[in-house]
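Data block below; observations after.
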Amino acid sequence: MYDLFSAKLLFESIPSPKVRPDKIFEERIVLIKAKDQDEVKKIIDKSFPEETFGNGDYGQTTKKLVAILDIFELVDNLEEEPLHLSEVYCRYLSFDEEISPKEAIEKYSLDK
């Protein structure tokens, strides 16, 4: 038997070469079918590997998962099959200067 969980994740974008002082984080909430929270963490690690792609500055950007901010077991009875790993929320956090993931989490209370 599987339960349905929502997981709030924080991703960091790292451009190379760095041509601007800005910093971008992405906050996402996804749905995950799992037996328990430990399995949720394993699925997240497997499903969201670091990825690198070309960017508009003729360089590359690496996006990586930097934190699992929250895991919540859903109690509503939802049709699970099409919802597994569905993204239900996303926002980008753009900063005018270099900032660490920890500072972004604290500034926006992302772990609350």
Side-chain angles (χ1 to χ4, degrees):
M1 179 74 177
Y2 288 94
D3 291 319
L4 193 59
F5 294 85
S6 68
K8 185 176 177 183
L9 311 175
L10 184 67
F11 294 84
E12 178 180 15
S13 292
I14 304 163
S16 178
K18 188 164 181 63
V19 295
R20 289 185 293 280
D22 62 340
K23 186 67 173 181
I24 297 177
F25 291 97
E26 177 188 355
E27 182 183 18
R28 276 186 217 172
I29 296 176
V30 297
L31 299 178
I32 299 172
K33 288 193 314 185
K35 294 177 183 174
D36 55 35
Q37 289 195 12
D38 289 334
E39 185 178 10
V40 169
K41 291 174 186 174
K42 290 176 187 174
I43 290 170
I44 289 168
D45 289 337
K46 181 181 173 187
S47 300
F48 298 101
E50 188 174 291
E51 63 176 315
T52 301
F53 49 88
N55 61 32
D57 293 323
Y58 304 102
Q60 294 186 324
T61 296
T62 299
K63 184 181 284 190
K64 67 179 185 174
L65 177 67
V66 293
I68 298 172
L69 302 172
D70 187 32
I71 296 173
F72 180 79
E73 184 175 355
L74 299 178
V75 293
D76 291 339
N77 185 14
L78 303 173
E79 186 180 325
E80 296 180 23
E81 197 60 37
L83 299 176
H84 178 64
L85 285 178
S86 296
E87 185 174 308
V88 295
Y89 173 82
C90 174
R91 78 169 167 169
Y92 286 88
L93 305 172
S94 184
F95 298 92
D96 292 334
E97 57 188 32
E98 186 68 30
I99 185 171
S100 72
K102 183 178 178 182
E103 291 170 321
I105 291 168
E106 290 171 359
K107 183 175 178 89
Y108 284 92
S109 300
L110 298 176
D111 56 347
K112 305 290 186 242

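All figures in this text were calculated on a predicted structure; none of them were measured in a lab.
Using a 4.5 Å heavy-atom threshold, the side chains of K8 and F72 count as separate.
For the atom pair S13 OG and E51 CD, the distance stands at 9.0 Å (nearest 0.5 Å). Rounding to the nearest 0.5 Å places CZ of F5 at 11.5 Å from CG of L31. With rounding to the nearest 0.5 Å, the separation of CG in L9 from CG in L69 is 7.0 Å. Atom OG1 of T52 and atom NZ of K63 lie 11.5 Å apart (nearest 0.5 Å).
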Side-chain donor-acceptor distances from residues 36-45 under 3.5 Å, at least two apart:
unit_1 : atom_1 : unit_2 : atom_2 : d
D36    : OD1    : D38    : N      : 3.2
D36    : OD1    : E39    : N      : 2.9
E39    : OE1    : K35    : N      : 2.6

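In the hydrophobic cluster analysis, where Ile, Leu, Val, Met, Phe, Trp and Tyr join through side-chain heavy atoms closer than 4.5 angstrom, L10 is grouped together with F95. Connection of I71 to V30 is established within a shared hydrophobic cluster, with ILVMFWY side chains joined at heavy-atom distances below 4.5 Å, either directly or through further cluster members.
The side chain to side chain contact (heavy atoms under 4.5 Å, CB included) search around E103 returns I99, S100, not counting sequence neighbours. With sequence neighbours excluded, the residues satisfying ring-ring contact (aromatic ring centres under 6.0 Å, His included) with F11 are F48. Here K23 pairs with E12, E98 under the salt bridge (charged side-chain N to carboxylate O under 4.0 Å, His left out) rule; sequence neighbours left out. Considering only residues two or more places apart in sequence or on other chains, S47 meets the side-chain hydrogen bond (donor to acceptor under 3.5 Å, both in side chains) condition with none of them. When the side chain to side chain contact (heavy atoms under 4.5 Å, CB included) test is applied to N55, the partners found at least two apart in sequence or on another chain are P15, D57, T61. With sequence neighbours excluded, no residue forms a salt bridge (charged side-chain N to carboxylate O under 4.0 Å, His left out) with K102. For E97, there are no side chain to side chain contact (heavy atoms under 4.5 Å, CB included) partners at least two apart in sequence or on another chain.
More than 12 heavy atoms of other shown residues, nucleotides or ligands fall within 6.0 angstrom of atom CZ in F53. The local environment of NZ in K18 is crowded, with over 12 non-hydrogen atoms from other residues, nucleotides or ligands closer than 6.0 Å.
When all heavy atoms of I32 and A7 are compared, the pair lying nearest together is CD1-CB, 4.1 Å. In terms of heavy atoms, G59 sits closest to P17 at CA-CD, 4.1 Å.
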